[in-house]
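Nothing fancy with the numbering, it's 1 onward along the sequence.
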Amino acid sequence: MLTLTQTFLSTAFIIGIGTFVLITCGAFIGYSVGNQKPQPPEAQKRLPWALFLLVGVWFGVAIATSTAGLISLQLVLPFFSFPVVIGWLLSYSEPVKKLIKGIPTHWLILVQSYRMAGGIFIFPYLTAGVLTRGFAINAGIGDVLTGVFALGVGWAVFKYGARMRWLFYSWTAFGILDLVLAMMSAGVFGFAAKGVAPNFPITAIPLFYGPPFGILIHIITLRNFNLRYSEDAQEKTAVNHQPSNAVS
């Protein structure tokens with residue numbers, strides 16, 4: 001079991017990571033809305049903040065549910081599936097598409113560095129005997145690698161743009177696969193070690209941080225990359241093929 005100090009520090013750490021992610025997403029939204037030209041109507045300006053509020057409510061409900069000890073597989077599935085599916089569908093609507101495109105791609109990649117916090121599965125939770133070894137090792141190492149790679153991939157995309165397409169797609173596939181394997185590991189090996197009841201704050205991770213939010217950010221980043229680089233390339237091609245109006 002965790003010591004009192006470990007419990008306090010891990011709780012502060014997990015809540016702090018979630019707060020950091022929310023503040024960062026809010027900053028991204030503010031940047032994108034502020035740089036849209038022409039500026040959208042007031043009604044459309046409120047839409048991004050409504051979406052941000054929904055994510056904040058999702059985070060709050062996840063923390064409250066974890067605190068109340070209501071965690072179960074039946075509860076995790078809707079927490080995972082609904083936000084991912086709804087976010088993916090919304091990313092094709094015109095206002096949300098403009099919002100996503102307005103965020104620099106490397107920002108969205110770099111925010112995934114929060115996944116390095118997955119090392120908490122191994123220390124202190126695995127070493128204290130709270131989590132199963134099969135789950136903690138698979139989920140912890142994969143998350144840490146995804147977060148570390150995010151730093152290099154973010155820099156490469158910032159520096160070289162679409163030329164790093166292969167690297168970006170490979171990292172995206174790795175990051176999503178890691179989250180899927182983490183869920184599968186929990187199903188195969190179990191989440192909590194035998195004789196240990198999973199409780200707050202570690203149970204908040206599968207309700208928000210891990211599979212659901214991580215996959216959703218990967219989807220949004222993928223949409224952003226394709227919108228910024230594919231559409232920009234098409235616009236440049238169209239401009240280059242316009243007939244010259246030079247006076248002879």
Next on the checklist: Can you tell me how the ring of Phe52 sits relative to the ring of Trp49, calling it parallel under 30°, perpendicular over 60° and tilted otherwise?
Outcome noted: perpendicular
Checklist entry - How many angstroms lie between atom CG of Leu179 and atom CD1 of Ile217, to the nearest 0.5 angstrom? => result 11.5 Å
Checklist entry - Can you tell me how far CG of Leu47 sits from CG of Leu90, rounded to the nearest 0.5 angstrom? => result 8.0 Å
Just so I know, are the side chains of [X] and [Y] near enough to count as touching, which here means a heavy-atom distance under 4.5 Å?
X: Pro212; Y: Leu216; answer: no
X: Cys25; Y: Val55; answer: no
X: Leu151; Y: Trp155; answer: no
X: Pro83; Y: Trp58; answer: yes

Taking the side chain from [X] and the backbone from [Y], do they hold a donor-acceptor pair closer than 3.5 Å?
X: Thr127; Y: Phe123; answer: no
X: Gln112; Y: Ile109; answer: no
X: Thr172; Y: Phe168; answer: yes
X: Ser32; Y: Ile29; answer: no

State yes or no: are the ring centers of [X] and [Y] separated by less than 6.0 Å?
X: Phe135; Y: Phe121; value: yes
X: His218; Y: Trp88; value: no
X: Phe225; Y: Tyr169; value: yes

Next on the checklist: If hydrophobic residues (ILVMFWY) are linked whenever their side-chain heavy atoms come closer than 4.5 Å, directly or via other members, who joins Phe158 in its cluster?
Outcome noted: none
Checklist entry - Other than Leu9, what residues sit in its cluster of Ile, Leu, Val, Met, Phe, Trp and Tyr side chains whose heavy atoms are under 4.5 Å apart, directly or through others? => result Phe8
Checklist entry - Can you name the side chain to side chain donor-acceptor pair (under 3.5 Å) partners of Ser91, sequence neighbours left out? => result Arg223
For [X] and [Y], work out which heavy atoms get closest and say how close.
X: Pro48; Y: Leu99; answer: CB-CD2, 3.7 Å
X: Lys97; Y: Leu227; answer: CG-CD1, 3.5 Å
X: Ala150; Y: Leu110; answer: O-CD2, 3.6 Å
X: Leu126; Y: Arg133; answer: CD1-CA, 3.6 Å
X: Leu167; Y: Ala156; answer: CD2-CB, 3.8 Å

Checklist entry - Any link between Val144 and Val21 through a network of hydrophobic side chains (Ile, Leu, Val, Met, Phe, Trp, Tyr) touching at under 4.5 Å? => result no
Report all side-chain donor-acceptor pairs from residues 201-210 shorter than 3.5 Å, counting only partners two or more places apart or in another chain.
from, atom 1, to, atom 2, distance (Å)
Thr203, OG1, Ser66, OG, 2.5
Thr203, OG1, Asn199, O, 3.3
Tyr209, OH, Ile14, O, 2.4

Checklist entry - What side-chain hydrogen bond (donor to acceptor under 3.5 Å, both in side chains) pairs are there with at least one residue in residues 17-26, not counting sequence neighbours? => result none
Item to check | Pairs satisfying side-chain hydrogen bond (donor to acceptor under 3.5 Å, both in side chains), at least one member in residues 174-190, at least two apart | outcome: Arg115-Asp178, Asn138-Ser185
Checklist entry - Considering the options Asn226, Asn224, Thr221, which one meets the side chain to side chain donor-acceptor pair (under 3.5 Å) requirement together with Thr105? => result Asn224
